[in-house]
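Remarks on the structure that follows.
Heads up: numbering here begins at 1 and tracks the sequence. All values reported here derive from a predicted model rather than from experimental measurement.
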Amino acid sequence: MSAAELFKPDRIAATGQGPLYMRLRRVIEDAIANGSLQEGEALPTERDIAERADLSRVTVRRAVDDLVKQGRLIRRHGSGTFVAPPVSRVEQTLSLLTSFTEDMARRGLSARSQWLERIVVAPSPEEMMVLGLSLGEKVSRLERLRIADDVPMAIERAAIIESFLPDPLEVTESLYEALALRGARPTRATQRISARNVDERSAELLKVAPGEAALFIERVSYLPDGRVIEFTRSIYRGDAYDFVAELKLPQR
């Protein structure tokens, strides 16, 4: 489909109700979904789109900005705006206790983190209860954006009992590797998975639309002697993860 056909004013009007920038955004999203706009294909300039669609450049810029934030489009300085490659889905088993770094390494993906917070603080009431802490005890709190092959995959917020990790700055890549060096790597965990819609902050970090479905995971990890060491809450992109569990008949 030509740009002239894709950005016709009547096509924008046919997308339904809502602000004009949202209608234009839907047109571009639909074109990417149905293959009218292919991965790596350049969009017309914002000036060209505005003229073809009979919209203001401010409206076009807002629609394109939203899609760039969601990771659907990529801006390349001096070259223009292009359709981003699709996010590859990651299949993760629920039967192994591994770190994000280890998961990505097994799949041949390059993992890195963007640190959002690394501090020692008083625990929240929920952290105090889950970790079994007494008044006056603290936790090392680590919040980071987990990225694989330059695609933001998850936001992870971990609370570790301070005595097991006195300095959260010790963690550079893998939390479990840092704990292993201190003889405190967890050996088992329980996880609770639920569906949630991401808020604006999480959406901006994960490059998805606000309100998009995501997987919310709570993990409580234990040492070999049964003591709780970790309470982690993570938000995983719903379009990037498949969690797989093996099921067996109960023993008779």
Side-chain angles (χ1 to χ4, degrees), residues 1-92 109 114 145-155 193-217 234-243:
M1 183 183 299
S2 68
E5 181 70 21
L6 179 61
F7 296 111
K8 288 172 59 176
D10 58 353
R11 183 177 293 275
I12 308 296
T15 58
Q17 302 298 313
L20 288 172
Y21 82 92
M22 292 182 63
R23 298 188 198 181
L24 176 60
R25 190 180 70 194
R26 283 196 290 269
V27 167
I28 299 173
E29 287 173 332
D30 290 346
I32 294 172
N34 65 31
S36 298
L37 287 173
Q38 300 283 332
E39 174 186 340
E41 184 174 346
L43 263 66
T45 66
E46 292 175 3
R47 181 192 296 257
D48 285 345
I49 294 175
E51 290 177 355
R52 296 176 192 277
D54 193 22
L55 297 171
S56 72
R57 290 187 65 182
V58 171
T59 297
V60 175
R61 170 58 64 93
R62 186 167 181 185
V64 172
D65 281 349
D66 277 4
L67 292 169
V68 169
K69 289 178 182 177
Q70 294 172 26
R72 309 297 297 276
L73 299 176
I74 297 175
R75 279 198 181 99
R76 294 176 183 154
H77 184 68
S79 298
T81 304
F82 300 81
V83 178
V87 176
S88 299
R89 296 190 71 86
V90 172
E91 186 176 284
Q92 181 175 336
L109 302 177
Q114 176 185 323
L145 179 65
R146 308 309 305 262
I147 301 167
D149 281 0
D150 293 325
V151 177
M153 303 290 279
I155 302 167
I193 303 175
S194 59
R196 289 196 183 180
N197 299 109
V198 295
D199 57 23
E200 288 192 8
R201 175 181 181 268
S202 298
E204 183 174 356
L205 289 169
L206 293 173
K207 296 191 181 302
V208 299
E212 190 162 312
L215 297 170
F216 180 78
I217 301 176
S234 303
I235 301 173
Y236 285 80
R237 286 179 61 149
D239 63 346
Y241 266 87
D242 289 320
F243 287 90

Nearest heavy-atom neighbours spanning Ala53 and Ile12
CB-CG1, 4.2 Å
Less than 4.5 Å apart, side chain to side chain, heavy atoms only: is that true for Gln114 and Ile147?
yes
Would a 4.5 Å heavy-atom cut-off, applied to side chains only, mark Tyr21 and Asp66 as touching?
yes
pair Leu6-Leu37: side-chain heavy atoms closer than 4.5 Å:
yes
Do Arg201 and Leu205 come within less than 4.5 Å of each other through their side chains, counting heavy atoms only?
yes
Taking atom CG of Asn197 and atom OG of Ser202, what is their separation to the nearest 0.5 Å?
11.0 Å
Mind running side-chain contact (heavy atoms from CB on, under 4.5 Å) on Leu145 and Leu206 for me, showing each step along the way?
CA-CA 8 Å; Leu145 179 65; Leu206 293 173; 3.9 Å; yes
Would you check if the side chain of Asp48 reaches a backbone N or O of Pro44 as a donor-acceptor pair within less than 3.5 Å?
no
May I ask you to test the Val83-Arg72 pair for a side-chain heavy-atom distance under 4.5 Å?
no
In Å, rounded to the nearest 0.5 Å, how long is the span from CG of Leu67 to NZ of Lys207?
12.0 Å
In this structure, CZ of Arg61 is separated from CG of Leu55 (nearest 0.5 Å) by 14.5 Å
Test Leu24 against Val64 for side-chain contact (heavy atoms from CB on, under 4.5 Å), laying out the working first.
CA-CA 9 Å; Leu24 176 60; Val64 172; 5.7 Å; no
Looking only at heavy atoms, the pair that brings Asp54 and Pro9 closest together is CB-CG, 4.1 Å
Before accepting this row, confirm whether a basic side-chain N of the pair Glu29/Arg23 lies closer than 4.0 Å to the acidic partner's carboxylate O.
no
Locate the shortest heavy-atom distance separating Pro152 from Arg237; write the atom from each residue and the value.
O-CD, 2.8 Å
Can you tell whether the side chains of Arg75 and Asp65 come within less than 4.0 Å, N to carboxylate O?
yes
How long is the gap from CZ on Arg76 to CD1 on Ile74, to the nearest 0.5 Å?
5.5 Å
So, taking the atom named CZ in Arg25 and the one named CD1 in Ile28, what distance separates them when rounded to the nearest 0.5 Å?
10.0 Å
Less than 4.5 Å apart, any side-chain heavy atom of Arg52 and any of Lys8?
no
Between OG of Ser56 and CD of Glu46, what distance do you get to the nearest 0.5 Å?
10.5 Å
Kindly indicate whether the side chain of Tyr236, heavy atoms from C-beta on, has any atom under 4.5 Å from the side chain of Ile217.
yes
Any Val198 side-chain heavy atom under 4.5 Å of Ile235 side chain
yes
